[in-house]
Amino acid sequence: MYDLAYFRAHLDEIAGRLATRGNALNLDHLRDLDSRRRSAISQAEDLKRRRNQESAEIARLRREGADTASRQQQMRALGEEVAALDKQVDALDEEFRERLASIPNVPHESVPVGKDAADNVEIRRVGTPRQFDFAPKAHWDLGPELGILDLERAAKITGARFALYWGLGARLERSLINFMLDVHTRHHGYLEVLPPFLVNSQSLFGTGQLPKFKEDLFQCAGQDFWLIPTAEVPVTNIYRGETIDGDLLPVKLCAYTPCFRSEAGSYGRDVRGIIRQHQFQKVELVKFTSPDNSYDELEKLTADAEDILSRLGLPYRTVVLSTGDMGFSSAKTYDIEVWLPGQNDYKEISSCSNFESFQARRANIRFRSGKQTEYVHTLNGSGLAVGRTWVAIVENYQQRDGSVVVPEALQPYLGVEVIRGR
RNA sequence: GGAGAGGUGGCUGAGCGGUCGAAAGCAGCGGUUUGCUAAACCGUCGUAGGGUCAAAAGCUCUACCGGGGGUUCGAAUCCCCCCCUCUCCGCCA
């Protein structure tokens, strides 16, 4: 989404940079659409001006007591013409805006150019995956054996890709939420918020999920209420349509919410266990910053998310996504991937992005510095995905006997040192 | 869910078919005055889109008075639907 004037002036540049993420813009079509739209607007406004002048004239004549019936009759025809033209304008304008709204963000120059995830670049690797002297199990075996995870009954209650946690399993999830919120609010300077879990379509447009990614979302039947796919949506939209006092920047918020995703198009991926669910819990970090330090803030936000893994003693690595693997709204994204012995691989547990002014333009979020108002930069990242952290703890801290040692940082929350079978 | 009252520019608030993009006050901005502060006075003060322009400024036009439809030559004002806020009742956690 771009300012029309900015977009028109920088069309070629934008198209060039978008090409690096595999998005081809049909420039001719856009230009043609824009010029048709503008000429329709001019025509319609021309007629409206005439109508306004005539109406004023009628008003004047009537005040003088003249008969204006025939003039009014003529104006009726003009009114119909205006209505027809307005319809054209609306259609063209909507098409043009929809096109613009469907253009993804432009990657930052520091982002590696690439085709897909294979071109992502590892930035750092922290911690060493543990050497097991037995064959480590996956959480989908460990969880049910410990009696803390029950996927069969969840499927009965709701369906596939839902989870039911029992006892210490449920408590582990809750402990992780509290632990993460406590670390971010006490040590990293975030303010906790608890937003609605349902949002309207305007909010989803603001953060970029709509109109393009409707099929990834759950919507309440017959209502403009949508289940949030991430806390990013309600939290970023807190300031939709507002101008923030520049002295308050950066605004740093964190929120726990469940997240709901249809996972359309991911059939066959991560089908076992709770790696990929229709509902999962997440603690999210969101920042509103001034444009000149948003990339510093992205580094800090990523470090804040990584800190959770460090405190839990979980090995991870951080990669920067290539242009071809980035999300629609992002200008730069780091993925943090945690080591999962059950998968024998690193798996995404957090995604930290700088959207620059992309969301701010769509959601109209500005800040005031002196007399000027300017769009803020918005950032967010998981801090962390709770379900996947649950998996990481169960798999990384498992013992030969199937029990799970609780990391020290979590013990005050969980109240036990070891999770054992019932 | 039922009954009632409302939603107007950054805020307060008038307007209830044409003279209204909208009175007035406050805040803001520029200036005069001033030892400084304060006060007073003068001016200025919405957003988006189109045209003009190399561009900006300026000028000009169009739209916007919660959102969407309608009536009318003409709507902030009249009608319909929806949303939100407040009060009372009901229900519920």
Side-chain angles (χ1 to χ4, degrees), chain A residues 1-13 30-101 194-206 210-211 219-226 234 237-248 258 357 360-376:
Chain A
M1 189 66 159
Y2 297 92
D3 301 305
L4 293 186
Y6 177 88
F7 183 81
R8 233 177 259 131
H10 301 265
L11 199 49
D12 289 308
E13 184 196 331
L30 274 168
R31 285 209 178 88
D32 175 60
L33 188 60
D34 186 34
S35 86
R36 272 168 36 219
R37 166 184 158 275
R38 282 151 77 189
S39 90
I41 289 173
S42 286
Q43 279 181 57
E45 290 189 345
D46 219 48
L47 290 185
K48 285 179 188 171
R49 181 168 42 80
R50 268 177 53 203
R51 180 176 67 182
N52 288 344
Q53 285 169 350
E54 272 299 313
S55 287
E57 183 67 7
I58 289 170
R60 196 180 60 77
L61 289 172
R62 286 179 67 124
R63 263 198 305 280
E64 290 170 0
D67 177 25
T68 57
S70 72
R71 273 172 183 268
Q72 289 182 24
Q73 187 60 40
Q74 287 169 27
M75 280 302 94
R76 189 185 302 244
L78 187 69
E80 277 159 22
E81 226 180 309
V82 168
L85 260 172
D86 266 347
K87 244 182 154 170
Q88 258 186 57
V89 170
D90 287 348
L92 285 168
D93 199 51
E94 200 189 315
E95 189 185 343
F96 185 64
R97 281 171 197 279
E98 217 163 274
R99 292 257 169 185
L100 280 192
L194 180 63
F197 300 161
L198 302 185
V199 293
N200 58 33
S201 48
Q202 249 196 305
S203 291
L204 287 160
F205 181 86
L210 289 180
Q219 179 176 20
C220 296
Q223 282 178 299
D224 190 29
F225 290 150
W226 306 66
N237 277 281
I238 287 174
Y239 290 112
R240 170 153 53 84
E242 297 191 24
T243 303
I244 305 171
D245 179 353
D247 293 338
L248 299 177
S357 59
R361 284 191 301 263
R362 294 170 76 103
N364 192 21
I365 306 170
R366 304 163 202 252
F367 72 101
R368 194 184 320 279
S369 64
K371 292 174 221 167
Q372 295 276 1
T373 69
E374 211 180 322
Y375 288 116
V376 298

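Letters A, B, ... mirror the listed sequences (proteins, then strands); counts begin at 1.
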Ignoring hydrogens and angles, does a donor from either the side chain of A/R62 or the base of B/rG18 sit under 3.5 Å from an acceptor on the other? yes
So which nucleotide does B/rA57 pair with, by the Watson-Crick or G-U wobble rule with both distances under 3.5 Å? none
When you measure from the side chain of A/D90 to the backbone N and O of A/D93, does any donor-acceptor pair fall under 3.5 Å? no
For B/rG10, which nucleotide is its Watson-Crick or G-U wobble mate, given both distances must be under 3.5 Å? B/rC26
Write down the distance between CZ (A/R50) and P (B/rG74), rounded to a whole number of angstrom. 14 Å
Using a cut-off of less than 4.0 Å, is there contact between a side-chain N or O of A/R38 and OP1 or OP2 of B/rG51? yes
Quick one: look up who B/rA93 pairs with, Watson-Crick or G-U, both distances under 3.5 Å, and put none if it's unpaired. none
Taking atom C1' of B/rG74 as reference, at what distance in whole Å does atom CZ of A/R60 sit? 15 Å
Below 4.5 Å, heavy atoms only, C-beta onward: do A/R50 and A/D46 meet side chain to side chain? no
Is the phosphate of B/rA63, meaning OP1 or OP2, less than 4.0 Å from a side-chain N or O of A/R49? no
What's A/I41 touching, base or sugar-phosphate or nothing? Going by heavy atoms closer than 4.0 Å. sugar-phosphate
Rounded to the nearest Å, what distance is computed from the CD atom of residue A/Q53 to the C1' atom of nucleotide B/rG18? 15 Å
Roughly how many Å apart are B/rC78 and B/rG1, using the C1' atom of each and rounding to a whole number? 30 Å
When the C1' atoms of B/rA63 and B/rA75 are considered, how many whole Å apart are they? 14 Å
Considering Watson-Crick and G-U wobble pairs with both distances under 3.5 Å, what does B/rA63 pair with? B/rU47
P atom, B/rC11 versus B/rC59: distance in rounded Å? 26 Å
For B/rU19, which nucleotide in any strand shown is its Watson-Crick or wobble partner with both distances under 3.5 Å? none
Opposite nucleotide pairing with B/rA39, Watson-Crick or G-U, both atom distances under 3.5 Å: none
How do A/S42 and A/A56 order along RNA chain B: which one's closest nucleotide is nearer the 5' end? A/A56
In residues 65-79 of chain A, which ones come under 4.0 Å of RNA chain B, going by heavy atoms? A/Q72, A/M75, A/R76
What interatomic distance, in whole Å, is found between P of B/rA27 and the corresponding atom of B/rC89? 40 Å
Between A/D245 (CG) and B/rA27 (C1'), how many Å, whole number? 15 Å
From the candidates B/rG49, B/rC73, B/rA63, the one with an atom nearest any side-chain atom of A/K48 is B/rA63
Rounded to the Å, how far apart are A/L47 CG and B/rG50 C1'? 14 Å
Please name the residue in the list A/R71, A/E57, A/Q72 that meets the side chain to side chain contact (heavy atoms under 4.5 Å, CB included) test with A/R62. A/Q72
For B/rU87, give the paired nucleotide (Watson-Crick: N1-N3 plus N6-O4 or O6-N4; G-U: N1-O2 and O6-N3; both under 3.5 Å), or none. B/rA3
Between A/N52 and B/rC61, is there a contact of a side-chain N or O with OP1 or OP2 at under 4.0 Å? no
Does the B/rG49 base have a donor-acceptor partner in the side chain of A/E45 within less than 3.5 Å? yes
Which whole-number value in Å describes the distance from A/L92 CG to B/rG50 P? 13 Å
Measuring only the P atom in each nucleotide, how far is B/rG25 from B/rU33? A whole number of Å is fine. 24 Å
Same-atom distance (C1') from B/rA22 to B/rU77, integer angstrom: 12 Å
Between B/rG46 and B/rC29, how far apart are the C1' atoms? Round to whole Å, please. 14 Å
Please give the nucleotide sitting opposite B/rA76 as a Watson-Crick or G-U wobble pair, both distances under 3.5 Å, or none. none
Output the rounded distance in Å from CG (A/D224) to P (B/rG67). 16 Å
